[in-house]
Structures are given as structure tokens and as C-alpha cells.
Amino acid sequence: MKTCIALLFSIISLTAFAQIKVIHFNAGWNEANNVEWFEKLSDADKKSLSVDDSKIQSKYEIFIVPTIIVFDDGEESKRFQADLSFKMAATREEIQEYIDELIMSKF
């Protein structure tokens with residue numbers, strides 16, 4: 001019985017995690033300000049994209065880099081952007097806390 005409950009919880013958790021996607025946007029000229037801890041975010045699918053491609057910049061309406069966008073079920077949920085020095089203003093802890101809150105809200 002405990003195994004069935006654990007398996008059920010695992011399936012539900014996996015479904016919730018798979019619905020959250022996080023994309024990191026930056027440009028080649030701003031590589032010095034890449035968000036080094038981006039890959040350490042957990043419980044979400046992660047992807048990095050360059051806005052050197054103007055189609056990506058237009059599609060996601062990126063006006064400053066770096067930018068991190070959290071998507072929930074394919075819809076933009078929250079956007080974290082750089083400050084005026086082109087460095088990420090949000091911390092890893094702030095973004096991870098937001099992801100964790102999204103996951104918890106699904107239960």
C-alpha cells in the first residue's frame with residue numbers, strides 16, 4: 001500500500017514539475033553577465049536562448065538582458081529582468097522560491 005501511495009505521489013509530482021518551464025535569455029555581447037546559477041534551479045525544465053536572433057527577441061518581448069521568464073502550462077507566469085547594469089536583479093533563491101510556490105499551488 002505504501003508503495004502505491006509513493007508511486008501515485010511521484011506521478012503527480014512529475015506532472016506538476018513538467019508544467020513549469022524556465023527560459024534564460026541573454027545576448028552575445030552580454031556574456032560576462034550570464035546568470036551562472038541558472039542551471040542550478042530545480043523542479044523545472046530549463047532552457048537558455050540568445051536574443052542575438054531578433055525573432056526570439058520579438059517573440060518573447062525581451063528588452064533587457066539577461067531576462068529569466070517562468071512559464072506555467074505554457075503561459076508566462078513571471079519575468080525576472082536585469083538592472084540597468086545588465087546584471088540579473090533577482091537572486092537564485094527568489095526565483096527558486098517562486099518556482100516552489102507554483103508547484104505547491106498545484107496540490
Check for a donor-acceptor pair, side chain of [X] on one end and backbone N or O of [Y] on the other, with a separation under 3.5 Å.
X      : Y      : result
Ser58  : Lys55  : no
Asp100 : Met104 : no
Asp52  : Gly28  : yes

Notebook entry, point to check: What class does the angle between the rings of Phe80 and Tyr98 fall in, given that below 30° is parallel, 30 to 60° is tilted and above 60° is perpendicular?
Noted result: perpendicular

Evaluate the side-chain proximity of [Y] to [X]: yes if any heavy-atom separation is below 4.5 Å, no if none is.
X     : Y     : result
Ser48 : Asn26 : no
Asp72 : Lys78 : no
Thr67 : Tyr60 : no

Next item on the list: Could you walk me through whether Glu39 and Lys46 pass side-chain contact (heavy atoms from CB on, under 4.5 Å), step by step?
Entry: CA-CA 7 Å; Glu39 287 300 323; Lys46 297 175 289 287; 3.7 Å; yes

Checklist line | Stepwise side-chain contact (heavy atoms from CB on, under 4.5 Å) test for Arg79 and Ile62 | finding: CA-CA 10 Å; Arg79 183 178 291 238; Ile62 305 299; 3.8 Å; yes

Next item on the list: Consider only side-chain heavy atoms of I, L, V, M, F, W and Y, link residues closer than 4.5 Å, and tell whether Ile23 and Phe38 are in one cluster.
Entry: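 No: no chain of side-chain contacts under 4.5 Å links Ile23 to Phe38.
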
Note to self: Quick check: is Met88 connected to Leu84 through a chain of hydrophobic side chains (ILVMFWY, heavy atoms under 4.5 Å apart)?
What the structure shows: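 Leu84 and Met88: separate clusters.
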
For the [atom1] atom of [X] and the [atom2] atom of [Y], what is their distance to the nearest 0.5 Å?
X     : Y      : atom1 : atom2 : answer
Phe71 : Gln19  : CZ    : CD    : 15.0 Å
Phe25 : Ile56  : CZ    : CD1   : 7.5 Å
Gln57 : Ser50  : CD    : OG    : 9.5 Å
Asp73 : Lys106 : CG    : NZ    : 4.5 Å
Gln81 : Ile64  : CD    : CD1   : 6.5 Å
Phe86 : Asn33  : CZ    : CG    : 9.0 Å

Checklist line | The single option from Ile95, Val70, Ile20, Val35 passing side-chain contact (heavy atoms from CB on, under 4.5 Å) against Leu41 | finding: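 Running side-chain contact (heavy atoms from CB on, under 4.5 Å) over Ile95, Val70, Ile20, Val35 with Leu41 returns exactly one hit, Ile95.
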
Notebook entry, point to check: Nearest heavy-atom pair of Pro66 and Asn30: which atoms, and what distance?
Noted result: CD-ND2, 3.4 Å

Check: Taking all non-hydrogen atoms of both residues, which atom of Leu102 and which atom of Ser105 are closest, and how far apart?
Finding: O-OG, 2.7 Å

